[in-house]
Peer 1: 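Got a structure for you, questions after.
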4 protein chains.
Amino acid sequence: MNVLRAGILGATGAVGQKFVELLEDHPWFQVSALVASDQSAGHQYKDVVNWIGTASIPKLIASMEVLPLSDRLPCDFVFSGLHASVADHAEPNLAKAGYPVISNAKSFRMHENVPLLIPEVNPDHTALIRHQDWQSKGYIVTNPNCSTVGLTCALKPLHDKFGIEAVQVVTMQALSGAGYPGVSALDAVANVVPFIGGEEDKLVNEPNKLLGTIVDGQLHMETLTISPQCNRVPVLEGHLECVTVKLKSNPSQNHVRQAFNDFVSPIAELDLPSEPDRLIHVFDDERFPQPRRHLNLGNGMTVSIGRIRPCEILDYKFIVLSHNTVRGAAGGAILNAELLVKQGFLRSFTS
Amino acid sequence: MNVLRAGILGATGAVGQKFVELLEDHPWFQVSALVASDQSAGHQYKDVVNWIGTASIPKLIASMEVLPLSDRLPCDFVFSGLHASVADHAEPNLAKAGYPVISNAKSFRMHENVPLLIPEVNPDHTALIRHQDWQSKGYIVTNPNCSTVGLTCALKPLHDKFGIEAVQVVTMQALSGAGYPGVSALDAVANVVPFIGGEEDKLVNEPNKLLGTIVDGQLHMETLTISPQCNRVPVLEGHLECVTVKLKSNPSQNHVRQAFNDFVSPIAELDLPSEPDRLIHVFDDERFPQPRRHLNLGNGMTVSIGRIRPCEILDYKFIVLSHNTVRGAAGGAILNAELLVKQGFLRSFTS
Amino acid sequence: MNVLRAGILGATGAVGQKFVELLEDHPWFQVSALVASDQSAGHQYKDVVNWIGTASIPKLIASMEVLPLSDRLPCDFVFSGLHASVADHAEPNLAKAGYPVISNAKSFRMHENVPLLIPEVNPDHTALIRHQDWQSKGYIVTNPNCSTVGLTCALKPLHDKFGIEAVQVVTMQALSGAGYPGVSALDAVANVVPFIGGEEDKLVNEPNKLLGTIVDGQLHMETLTISPQCNRVPVLEGHLECVTVKLKSNPSQNHVRQAFNDFVSPIAELDLPSEPDRLIHVFDDERFPQPRRHLNLGNGMTVSIGRIRPCEILDYKFIVLSHNTVRGAAGGAILNAELLVKQGFLRSFTS
Amino acid sequence: MNVLRAGILGATGAVGQKFVELLEDHPWFQVSALVASDQSAGHQYKDVVNWIGTASIPKLIASMEVLPLSDRLPCDFVFSGLHASVADHAEPNLAKAGYPVISNAKSFRMHENVPLLIPEVNPDHTALIRHQDWQSKGYIVTNPNCSTVGLTCALKPLHDKFGIEAVQVVTMQALSGAGYPGVSALDAVANVVPFIGGEEDKLVNEPNKLLGTIVDGQLHMETLTISPQCNRVPVLEGHLECVTVKLKSNPSQNHVRQAFNDFVSPIAELDLPSEPDRLIHVFDDERFPQPRRHLNLGNGMTVSIGRIRPCEILDYKFIVLSHNTVRGAAGGAILNAELLVKQGFLRSFTS
C-alpha cells in the first residue's frame, strides 16, 4: 500500500498538535501539509506553534512551512482540527474541492449524510458518505465530541446485549478538553466548574446517532433518553464519567460485566494500526480507573470501566474513563481514516 | 446567659482544629479542655498540634495544656472530633459520666435513640435524647457526614413541598474531607479517585434519618431511594454534588426554584450565633456555584444551589455546594450545640 | 474626618475587583465611581464584571453603574488598577484634571518625581509629589510590583541595621499575579513556568528606589546589586521568595533574626486602618511560612519570614512570603492612600 | 552476552515500582526476584503492590511471588530501592553474601569506598569498588539523590572547562520525590513547602564527591561551596532548579552555552542501553524547560537547561530540569548497572 499524504487543518491548535504527534511514524499516513491561519502561513511550523506536547515536535514537521487554507493542498486528504466557526465553511469547501475531510469539529457531526464515526461502534455508518453530493470525490466524516466517545463505547456492549432505555451521566472532564489556552488557571486550580457550554447537548444527541442503524442506506437514530451533567475538574487529560443505565432486559451484575469483557470489535480483523487490543478494559479494584493512572491504556485508545454495581433507582451504574485528546479527538479521527482506507473510501489522489 | 465550657475531643486532629478555630470568639461557648491522645497529653497545644489552618492558633488555646481522655474533664460538654474507632467507646463513656457529647463521629449517627441533627432540617429530633439512658445527665447528639449535609439541606425544601421519591447523587468531594494527612498528593494532583470508602452507604441512609419524623417520641425513617456515586477531586474545601430527583408531584421549574428560595428555617427565630442568614442560596449564573468561589457564603454555613433544570429521566437536576469542614463537620456540630442550649438540653454543670 | 470618595480605574479587572473587596467597610474611603472600558460603561457593575473573588460583590457596589474613563469623575481621588498600556495616558490625564491617582500600574513607578511607596519602608518619599507639575492639585503615587513588596519589606530592617550589598532572590509566584484569565490551566497545573516577562527587571530596580533616600527633596537611589530569578508556580495566592543577602557588617544569626523582630514601622503611631500589627512575622518552624497557610497574616498585609540561616556563599539566607494581591497590589495601594491622608496630601475636593 | 538476572529490593515501594517499569524489555537485565517486607512475601506481586505507575504492571512481573529479604536470592545482582533505615543493614549483608548491590538508598553514598556514580560524570569512580572488602564478590554502588543529579550533570561541563568555585541552588522539587504516600494532598495542592528534611545537606556534599577525582585509587573530593535552598512544589514529576555559579575563569555567555552544547559523555562509545543521545539539552526559549513539558527528553535521562544568562552577583545563572524518578532514581541506578557490566564488574554468577 502506498503511504497517503495527510493535511492537517488547524495544525497549530491543540488538536492539530495532537494530530502531528500521533501521526509521527504512522505506517499509512504521512503529514504533507500543515494548514493554519494566514498569519502563521509562510513560516516554519516550529516558529509559529506554541507546542504544548510533552514530546518534542517531530523533526521533519518542525521545519515544514505552514500553508494557508485553500482548496489546493498538497495532500490526499485532510484531518481537521478546526474550530467550528472556521470548519463551517472550510470543510464543505474542501470536500467540494475533492478532499476527504476527516474532521474533529462539531460542525457536521449531526448532519444526516455525514457519518459520525467510532470504528468499533458503527463502522457501517460510512455508507452515508455515498449520500454526500459535493460533485467530487470529496466528503466529510466526523468523530464525536470527547465526552461522547467514552460513554458511547461503554454503552455499545450493553445496548447490543440488553437494550438501553435511559442513561444518566455526570462527567468530570479534563482541562485539555477546552484547548489552549482554554480554562484560566484561576478557575482550574483547586476548583470545579460545573458547566461546559454546549457539552450536554452533544451528550444527548451524539450517542443516539452513533448507536443508530443504517436501513436502506439511511440512518435511523436510536432513541435513548440521556440526562447529562458536565463538570470541568482540575485534571490534565482523561474524562471520567459516572454512568447509570436503565436496561430493557434484566441481566445480573455478572452478565453486565461479561458484556463488557466479551465485547468483540466488529473491525478486529482489519488490523487497523491505531486500534487497541481491547476497546474496553474492566477494572475490579473499586478505586479504578483513575485519569492519571489509566489514561494511556491501549496507547490512549482503550476505554476503561470500573465500579460496576446495581443502581438503587435505574439498573446499573459504573464509571468510564477515556483519553479525551487521543480516543476523544485526534486518535479517534486517525482511526476513522484507517477504517476508511480499509473500506476503500480513502486512497491516494494519483491512484 | 453564662458562657458554657466546651471540651474538644481529638483536639489535635483536623476536625478538632476546626472546632478550635470556629469557637474562637464564640459568644456562648469557651474552650476549656483540649483532649488528645496520651502522647500529646501534658504538652502545650501548640507544641503537639500540626496546625493546618490558614488562621493562627488562637492565642489562649496555643498555650493550653492538652489533657488525656478521661471521664473527668473540666467542661460542661464536649465536642467530639474523634475517629470512629475511638468514639465507639469514648463517647458512651463520657455520656455515662454525665457529659453531653456533640459528636462529628459516625459511630452513633444511625443509633435509634441518638439524634442525627441539622438544626434547620430536623430540630425536633432532639426529642430522642430522652430515650438515651446513660444513668446520668449525659447524652450523645451527632451531625451527619460531610457529603450528607449539603444534599439533605437541598432535599428538605423539595421534600416538604413536593415529596421526593428518589435521588441520584454524584459527589465531587474535597481533599480536606479525608482529614490530615489523608489523601496522598500523588493520588490528588491532576487526578480523580472515583471511590471513597463507606461514603456511599452514609448517603443512602443518613438523609432518610434526617428527613424522618418523630411520632410518639419515636423516629420514623423516611424511605427515599438514594443512589450515590462518590468521587474525590483535587479541591481543598467544598463538596460539589450533582443531584437528580424524582418527585411525587409535578411542579414547574419555577416552583422548584421557588421552593428553594422560599425555604424558611424552622429555627430562624432562635437567633443561633452560627446560623446563616439563609440556609440556601440559589445561583442563576449557570457556571455557579463553584467550590473555590462560593465556599464561604454565610461563613461556610450556607448551602449553595445552581443549575436547576429538568432532568430527561427523573424530574429535576441541580448542583449543590456545601463547606465540608464547616457546615459538614465542626460548624454543624457547633450549630447543634447552640440549638441544644436554646432547647434547654445544654446548660452549665453548676446551674 | 469626612469620608473620601474613591474612584476605581479598571474596576472590572482582577486588581479592580480586589480594590472593591478591600474597600468594603473602609472607615475613610467610600467607592463612588467604578470606571471600566467603554463597552462596560453604562451597565450595572454586577452585569459586566466576571467576579473572581471568594466573597460576594458588596451589595452597594453590585448595582452601581460603571462609568467610562474621563477627567470628570464623581470622586475625590482614584485607585488605578489599569493595565500599563492604558495607564500610560490615563493616569497623567487624571492628574492633570486634578485627581490624586493612587496607582498599582507599573507605568510611572520609576519616574523620578513619582513616589514608589511602601508606607512602612519609605513614607517620606511622598515629598516627591511636590515636584509633580500637573498644573493642578492632581498627582500620581505608585506601589511596587507584587514580587518587590515582600522582598523590600524583608530587606528594610537588615539594610537599616547592617547595610546590604547584594541580594539573590528566586521567586515562586502565585497564579493570581498574572491577573484573569492570566495563565492557562494547561501551563499551571502540575507545572512550573520558569519565566515571567518583565518581572526580573522590576526586582532589580524597584527595591533600590524604595530603599533610596530623599536629600534636598531629591531621590537618591540605593545601589544594592540584586540578582532575581522568577518562577510561576501552581499556587493561587502568595508569593514565596528564597532570598540570600550579602551584608556590609557581620552580624550573628541571632542579630539578623532580632533585626526582623525589632523592626518598628516608622508610621506605627499613625494608626492607619490597613496597617497590620506587625509588618514582619518571623517563623521558627522550618517548614514555614507556606503560601496557603500563612497568606492572611495581618489580613494579608504582614510579610512572613522563615528559615533564617547562614549562607555558604553570601551571608544569610531566608524565605519571604507576601500576599500578592493584598499587600502586593490593592491593599498596598489603599495603605498608600491612608498615609497620604495623614500626611495631608489627600483630602476631599470640597474641603 | 547473557541476560543478567536482577533482584529488586523494596520492590513494592515507589522506587521499586519504577525499577520494575524501566526494566521491562531491558536488553541486558531480567527481573528474577522481587523482594519486599515479610508481610508481602509469599504473595503475588500484583496482590500486594499499590501500583502507582501510569503503565500497567508488566505481565510477567504481576504474577511473580514476592520474596522475603535474605542472602540467598535467585539473581546475579540487586537493585535496591530500600529506605535507608533498612538499607543500612541489608545492603552490606547482601554485599557480604556476594551480591553486587546497585543502590538508590542514601545509606552508603558518602562512604569513602563506595562509588557515588553518574556514568556520564565520573565513570572511573567505580575503581573504588576494589577497596570494598566484603570477603566476597559483592559490593555496593550508589546513585545520588534526585536533586543532586540534575545539578551535578549541569555543573560537570562548566567545571571541566572553567572551574567552579561556588554554587547557589534553589530547588522546586516534585511530589514524587517524597515517595508514596509521601506528601499530604493538603500540603501539596496550591501550596509550596519551603523545606525538605535532609535534602540540603545532600546537595552540599554529593556533588563534591561526584566531581571528585581518583588519585592512586583514592577519591579526592572536590571543594565547591554549595548553598542550597530546597522547596516542594505541586508538580508530579521533574525537579526544577535555579542555579547560579561562580567560576574560576571568565568565559562569555556564549562560551558557557557552548560548554553545555559541546559536552561529550565520556562513556558515549559504550552504547549503554539507557544512556540518552545527549546528556544535556539546552533550550533557547526563555519559558523552557518546564517540568510537565520537557520531563521525558531522552526517555527521562536527559537533563534540560535553560535561561543561561549573566548573574548580577556571581557569574552565570540558569535553570536545570531533571526527571527525579528516572534520571534521579531508578533510571540512574540502571545506567550504573549497565556501566558496571561494560567495565566487567557485573556478570552472571554462573560465568
Side-chain angles (χ1 to χ4, degrees), chain C residues 165-172 174-175 186-197 200 204 224-244 246 283 285-293 295 306-307 309-314 317-321, chain D residues 165-172 174-175 186-197 200 204 224-244 246 283 285-293 295 306-307 309-314 317-321:
Chain C
E165 278 185 17
V167 181
Q168 285 263 10
V169 55
V170 174
T171 70
M172 291 171 280
L175 299 162
L186 296 182
D187 289 332
V189 172
N191 198 27
V192 174
V193 179
F195 175 72
I196 302 175
E200 295 175 358
V204 167
L224 311 188
T225 303
I226 302 177
S227 172
Q229 294 165 277
C230 291
N231 302 281
R232 185 77 68 194
V233 296
V235 162
L236 288 161
E237 296 207 281
H239 289 353
L240 196 67
E241 308 186 351
C242 290
V243 181
T244 316
K246 183 165 165 48
F283 281 93
D285 189 323
E286 61 193 348
R287 303 166 305 156
F288 295 162
Q290 296 176 10
R292 220 165 66 65
R293 291 199 190 180
L295 183 67
R307 301 203 70 203
R309 58 206 196 280
C311 174
E312 292 82 349
I313 300 174
L314 305 181
K317 49 187 172 184
F318 50 87
I319 55 174
V320 179
L321 171 70
Chain D
E165 278 185 16
V167 181
Q168 285 263 10
V169 55
V170 175
T171 70
M172 291 171 280
L175 299 162
L186 296 182
D187 289 332
V189 172
N191 198 26
V192 174
V193 179
F195 175 73
I196 302 175
E200 295 175 358
V204 166
L224 311 188
T225 304
I226 301 176
S227 172
Q229 295 164 276
C230 291
N231 302 281
R232 187 76 70 193
V233 295
V235 161
L236 288 161
E237 296 208 281
H239 289 353
L240 195 66
E241 309 186 350
C242 290
V243 182
T244 316
K246 183 166 165 48
F283 281 93
D285 189 323
E286 60 193 348
R287 304 166 304 156
F288 296 161
Q290 295 176 10
R292 221 167 63 68
R293 291 199 189 179
L295 183 68
R307 301 204 69 204
R309 59 205 194 282
C311 174
E312 291 82 348
I313 300 175
L314 305 182
K317 49 187 172 183
F318 49 86
I319 55 174
V320 180
L321 172 71

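Here the structure is a predicted model, which is why all the values come from computation and not from measurement. The chains referred to below are lettered A, B, ... by the order of the sequence lines, with proteins before strands, and numbering in each begins at 1.
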Peer 1: Can you tell which of C/A174, C/P194, C/C242, C/A166 has the highest number of heavy-atom pairs within less than 4.5 Å of chain D?
Peer 2: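 Highest number of heavy-atom pairs under 4.5 Å: C/P194.
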
Peer 1: Please flag which part of C/P228 lies under 4.5 Å from any non-hydrogen atom of chain D: side chain, backbone, both or neither.
Peer 2: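 Both backbone and side chain.
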
Peer 1: Which bit of D/V192 is near chain C, if near means a heavy-atom gap under 4.5 Å: side chain, backbone, both or neither?
Peer 2: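 Both backbone and side chain.
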
Peer 1: What distance separates C/R287 CZ from D/D187 CG, expressed to the nearest 0.5 Å?
Peer 2: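 Rounded to the nearest 0.5 Å, the CZ-CG separation comes out at 7.5 Å.
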
Peer 1: Report the residues that fulfil salt bridge (charged side-chain N to carboxylate O under 4.0 Å, His left out) with D/R292, sequence neighbours left out, ordered by chain and then residue number.
Peer 2: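 Here no residue qualifies.
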
Peer 1: Heavy-atom distance under 4.5 Å to chain C: side chain of D/I226, backbone, both or neither?
Peer 2: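 Backbone of D/I226 only, per the 4.5 Å heavy-atom cut-off to chain C.
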
Peer 1: Can you name the residues that form a ring pair (Phe, Tyr, Trp, His ring centres under 6.0 Å) with D/F283, not counting sequence neighbours?
Peer 2: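 By the ring pair (Phe, Tyr, Trp, His ring centres under 6.0 Å) rule, D/F283 matches D/H281, D/F288, D/H294.
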
Peer 1: Check whether any side-chain heavy atom of D/L314 lies under 4.5 Å from a side-chain heavy atom of C/I313, and answer yes or no.
Peer 2: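 Yes, their side chains come closer than 4.5 Å.
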
Peer 1: For the candidates D/R309, D/E237, D/K317, which exhibits the highest count of non-hydrogen atom pairs separated by less than 4.5 Å from chain C?
Peer 2: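 Of the candidates given, the most pairs with chain C belong to D/K317.
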
Peer 1: Between chain C and each of D/R232, D/E286, D/E165, count heavy-atom pairs under 4.5 Å; write down the option with the most.
Peer 2: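 Of the candidates given, the most pairs with chain C belong to D/E286.
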
Peer 1: How many angstroms lie between atom CD of C/E312 and atom CG of D/L224, to the nearest 0.5 angstrom?
Peer 2: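 CG of D/L224 is found 12.5 Å from CD of C/E312.
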
Peer 1: Please classify the contact of C/V243 with chain D as side chain, backbone, both or neither, using a heavy-atom distance under 4.5 Å.
Peer 2: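 Answer is backbone: N, CA, C or O of C/V243 sit under 4.5 Å from chain D.
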
Peer 1: Run the salt-bridge test on C/R307 and D/E200 with the 4.0 Å N-O cut-off and return the result as yes or no.
Peer 2: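 Yes, this pair counts.
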
Peer 1: Could you pull out the closest heavy-atom pair between C/S227 and D/C311, with the gap in Å?
Peer 2: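 Heavy-atom minimum between the residues: OG-SG, 3.2 Å.
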
Peer 1: Between chain D and each of C/A188, C/P310, C/P291, C/P289, count heavy-atom pairs under 4.5 Å; write down the option with the most.
Peer 2: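 Highest number of heavy-atom pairs under 4.5 Å: C/P291.
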
Peer 1: Quick one: what part of D/V204 sits under 4.5 Å from any heavy atom of chain C, side chain, backbone, both or neither?
Peer 2: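 Only the side chain of D/V204 comes within 4.5 Å of chain C.
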
Peer 1: If you count heavy-atom pairs within less than 4.5 Å of chain C, which of D/V235, D/V167, D/N191, D/V170 leads?
Peer 2: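 Ranked by contacts with chain C, first place is D/N191.
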
